[in-house]
Amino acid sequence: MLAILLAAAASLAGCKRADMYSQGKSQSWDRNNVLRHGQAMQPPVPGTVSMDERHPPVPQPPAITEAMLRRGQERFGIYCTPCHGASGDGMGMIVRRGFPRPPSLREARLRGTGAARLFDVITNGHGTMYGYADRVSPADRWAIISYIRALQRGADVPAAMLGENDRRALEAAGNDGGGGSHGDTP
C-alpha cells in the first residue's frame, strides 16, 4: 500500500497545471516583436476612459436653473435628507434614531462656505459623512449644492413674505415665524 501511495505521489509531482496560471505570458514591459510598438504593454485605444474617472469632471454651472433646482431637490431628498433633514436643519431620520447630528446647512458658517468646498465634501466626505463620489454624479452634486443654497436663502424669509401654502405648513409645524419655508418652494 505504501509503495502505491509513493508511486502516485511521484507521478503527480511531474504534472503541470493545465490552466491559464501555468501558461507562458508576457509582463508589461517585455519585448514583443509581434505587437505594435515592440513591447507587450500597448498604449490605450483613443477615447478610452480611465477607471479612476467614471464621471468626468463637471465645472460649476454659470447659472442655476429651475430644472437644476428640481433635480437638486430630488437628489437632496435621496442622499442628504436622511441625515440633514428635509429643511437642512440637521435633524434627519437617522439623528432621531441615535446617530450623531450633522451640522445644520442653514448655519452662518456653512452659508459662507464656497460652492467648491461643498462639492468637495459631497465628493470625499467630512467627519462622519462618507463621500458620495461613486454614488452621485458631478452634475448632480452641483444640483444638490444649488438646492442647498436655496434652503439657506429660505431660512431667513420672514413668515409674512411666505405664500399661503407655506404659511399654513409653517403654522401646522408649530413654528412661530422664526424662518424657513417648508412648503412648495425652497
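What you find for Ala150 and Leu69 is that their closest heavy atoms are CB-CD2, 4.0 Å. Minimum heavy-atom separation, Trp142 to Pro61: CG-CD, 3.6 Å. The minimum heavy-atom distance between Gly77 and Pro82, with the atom names listed, is O-CD, 4.1 Å. Nearest heavy-atom pair across Ala63 and Met68 is O-SD, 4.1 Å.
One distance of note links CE of Met91 with NE2 of His84; it measures 13.0 Å at 0.5 Å rounding. In this structure, SG in Cys83 is found 7.0 Å from OH in Tyr130, a value given to the nearest 0.5 Å.
With a 6.0 Å radius and a threshold of 12 heavy atoms from other residues, nucleotides or ligands, Leu5 has its CG atom above the threshold.
Residues that satisfy the side chain to side chain contact (heavy atoms under 4.5 Å, CB included) test with Ala86, not counting sequence neighbours, are Thr81. Take Pro100 and apply the side chain to side chain contact (heavy atoms under 4.5 Å, CB included) test, not counting sequence neighbours, and it matches no residue. Partners of Arg109 under the salt bridge (charged side-chain N to carboxylate O under 4.0 Å, His left out) rule, at least two apart in sequence or in another chain, are Glu107. Evaluation of the side chain to side chain contact (heavy atoms under 4.5 Å, CB included) rule for Leu110 yields Pro103, Leu105, Thr113, Gln152 as partners, not counting sequence neighbours.
Between Gln73 and Phe76, the closest side-chain pair of non-hydrogen atoms is not below 4.5 Å.
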Less than 3.5 Å apart, which donor and acceptor atoms pair up between the side chains of residues 118-129 and the rest of the protein, not counting sequence neighbours?
unit_1: Asp120; atom_1: OD1; unit_2: Asn124; atom_2: ND2; d: 2.6
unit_1: Asp120; atom_1: OD2; unit_2: Arg117; atom_2: NH1; d: 3.0
unit_1: Thr123; atom_1: OG1; unit_2: Phe119; atom_2: O; d: 2.7
unit_1: Thr123; atom_1: OG1; unit_2: Arg141; atom_2: NH1; d: 2.7
unit_1: His126; atom_1: ND1; unit_2: Arg117; atom_2: NH2; d: 3.2

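Among residues at least two apart or in separate chains, side chain to side chain donor-acceptor pair (under 3.5 Å) pairs with a member in residues 62-72 are Glu66-Arg70, Arg71-Glu74, Arg71-Asp140. For residues 78-99, there are no salt bridge (charged side-chain N to carboxylate O under 4.0 Å, His left out) pairs, not counting sequence neighbours. Applying the ring-ring contact (aromatic ring centres under 6.0 Å, His included) test to every pair with at least one member in residues 86-115, sequence neighbours left out, gives no pairs at all.
A distance-only check finds no donor-acceptor pair linking the side chain of Arg106 to the backbone of Leu151 [under 3.5 Å].
At least one test fails for Arg75 against the ring of Tyr79: distance under 6.0 Å to the centre or angle within 45° of the axis.
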